[in-house]
Amino acid sequence: MKIKSIETFNKGCLCMVRVRTDDGAEGIGQTAPFNANISAIVLHQQIAHHALGADPSDLDTIADRWIEAEYKFPWSYVCRAVGGVETALWDLKGKLEGKSVCEMLGGKPRPFPAYGSSMSRQIKPEDEAERLARLRDSHGYTAFKIRIGKVCGHDEDQWPGRTEAIVPAVRKAIGDDVRLLVDANSCYTAPRAIEVGKMLEDNGVCHFEEPCPYWELEWTAQVAEALEQLDVAGGEQDVDLAQWQRMVNMNAVDIVQPDVCYVGGMARSMRVAAMAAEAGKQCVPHSSNLSLVTVFSLHLLGAIPNAAPHLEYGIEDVPWTDNLFTPALDVHDGKVMIPDGPGWGVTMNPEWLESAEHKISEVG
Ligand SMILES: [Mg+2]
């Protein structure tokens with residue numbers, strides 16, 4: 001069996017990928033959202049010629065080999081393009097074997113608890129508190145994540161006092177039984193992160209994500225060391241597996257958060273999860289929108305022994321992920337079903353594919 005064609009379907013923030021083999025098998029994958037048109041160009045120009053004619057069955061190392069082959073262009077777009085093809089190959093393999101990806105990885109499809117993930121820093125503390133309490137009641141969420149500080153903020157807040165106001169306001173509104181996670185998106189220096197972290201601990205926050213600029217691993221390790229009552233989480237931007245191993249070895253984070261689409265696909269994400277398991281750390285993949293990345297994360301969480309208790313599930317109204325595939329993801333009693341059909345267990349909406357910009361690379 002050989003890879004015969006690779007197609008991209010690009011529309012707005014998204015680029016879906018379809019791979020077909022010479023014996024007619026096919027699978028669907030996705031590159032990371034945003035600037036997806038650029039990922040599509042990289043896919044056809046730099047990755048397709050490695051993939052076409054290749055045996056698609058060796059999923060353990062195929063992504064590594066393509067990334068290595070493009071070693072003059074490390075990481076970001078190359079990994080995104082590789083991830084698009086690699087995730088399509090998992091779907092293809094699952095369909096051939098009649099198993100979900102979760103089952104192929106040794107797990108079992110089941111409802112998996114989700115945390116409602118807020119993406120908004122513009123929202124006022126009282127509005128966020130009211131919104132999350134409402135979602136707790138309507139969907140049964142048992143955990144939420146909110147945004148604190150400012151993105152790459154050099155210790156500044158979105159506006160003065162927002163962080164100190166939103167954390168207790170949300171805690172009070174959702175009650176003590178609901179887990180509260182926060183994401184600082186690279187905001188703080190280590191001393192300031194530790195100061196903020198003490199306030200988070202006082203409010204029963206369990207997960208402090210990306211407290212410092214993500215590349216400042218020593219700072220992040222200092223924060224993890226200083227704060228004992230909460231877990232420091234991070235790694236969504238990290239795509240280099242050697243760097244991942246260093247992060248784990250130095251205890252920069254307590255919880256690892258690979259993004260399946262940034263890191264170059266499922267096999268590489270599974271490897272990050274395994275590094276964490278070896279060190280006694282939990283894993284929760286980064287999945288901040290309801291495109292296929294959340295489906296990939298669900299299958300991964302269903303299969304690993306060190307899954308964090310909750311999947312990241314975006315709660316914002318994101319029109320570009322509407323009507324993308326069936327069955328659509330949905331939260332019931334605070335849980336999302338890991339799709340149990342073959343491969344990813346979802347079918348792309350044909351109208352969406354037809355409306356997207358189509359490009360194909362094929363053998364010959
Ligand atoms: Mg984050």
Side-chain angles (χ1 to χ4, degrees), residues 13 32-35 75-76 79-80 83 114-123 128 132 141 143-158 162-163 166-167 170 179-188 190 192-193 196-197 200 205-217 219-221 223-224 227 230-240 243-244 247-248 252-263 269 272-273 276 281-291 293-294 296-298 300-301 307-316 318 321:
C13 301
F34 305 112
N35 293 337
W75 316 136
S76 173
C79 286
R80 286 167 179 246
Y115 72 76
S117 189
S118 166
M119 298 296 144
S120 178
R121 281 190 162 77
Q122 300 308 325
I123 195 165
E128 186 75 296
L132 300 186
Y141 282 104
F144 290 104
K145 186 168 83 187
I146 58 172
R147 305 277 150 175
I148 63 167
K150 190 174 174 178
V151 177
C152 296
H154 298 268
D155 285 341
E156 267 184 35
D157 209 342
Q158 192 68 26
R162 180 180 180 276
T163 295
I166 197 167
V167 173
V170 167
R179 298 177 90 229
L180 181 56
L181 297 70
V182 303
D183 191 346
N185 293 98
S186 291
C187 181
Y188 304 116
R192 180 65 185 139
V196 172
L200 299 175
V205 170
C206 61
H207 162 128
F208 189 4
E209 182 168 326
E210 221 171 283
C212 303
Y214 73 87
W215 55 93
E216 298 285 5
L217 298 181
W219 297 10
T220 310
V223 178
L227 301 172
L230 56 68
D231 288 324
V232 169
E236 65 187 67
Q237 329 292 349
D238 288 282
V239 293
D240 169 357
Q243 182 79 335
W244 265 113
M247 285 167 60
V248 168
V253 292
D254 304 305
I255 297 177
V256 302
Q257 300 178 285
D259 182 305
V260 177
C261 294
Y262 294 172
V263 82
S269 304
V272 173
K281 297 177 190 295
Q282 290 183 337
C283 174
V284 54
H286 172 246
S287 52
S288 57
N289 61 76
L290 301 185
S291 67
V293 69
T294 297
F296 304 156
S297 296
L298 270 168
L300 189 148
L301 284 167
H310 293 86
L311 163 85
E312 176 172 24
Y313 192 90
I315 58 169
E316 306 300 340
V318 179
T321 61

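Remember, it's 1-based here, ligands and their atoms both numbered in the order they're listed.
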For this session: Only counting residues at least two apart or in another chain, list the ones meeting ring-ring contact (aromatic ring centres under 6.0 Å, His included) with H286.
Result: Y262
Is it the case that [X] and [Y] place a side-chain donor and acceptor less than 3.5 Å from each other?
X: E312; Y: Q257; value: no
X: S118; Y: E128; value: yes
X: N35; Y: R80; value: no

Exercise. Which residues and atoms, protein N, O or S only, are under 2.8 Å from the Mg ion (ligand 1)?
Worked result: D183 OD2, E209 OE2, E236 OE1
Problem set entry | side chain to side chain contact (heavy atoms under 4.5 Å, CB included) partner of Y115, chosen from I315, L180, L181 | L181
Exercise. Would you say the side-chain atoms of D254 pair up with the backbone N or O of V232, donor to acceptor, closer than 3.5 Å?
Worked result: yes
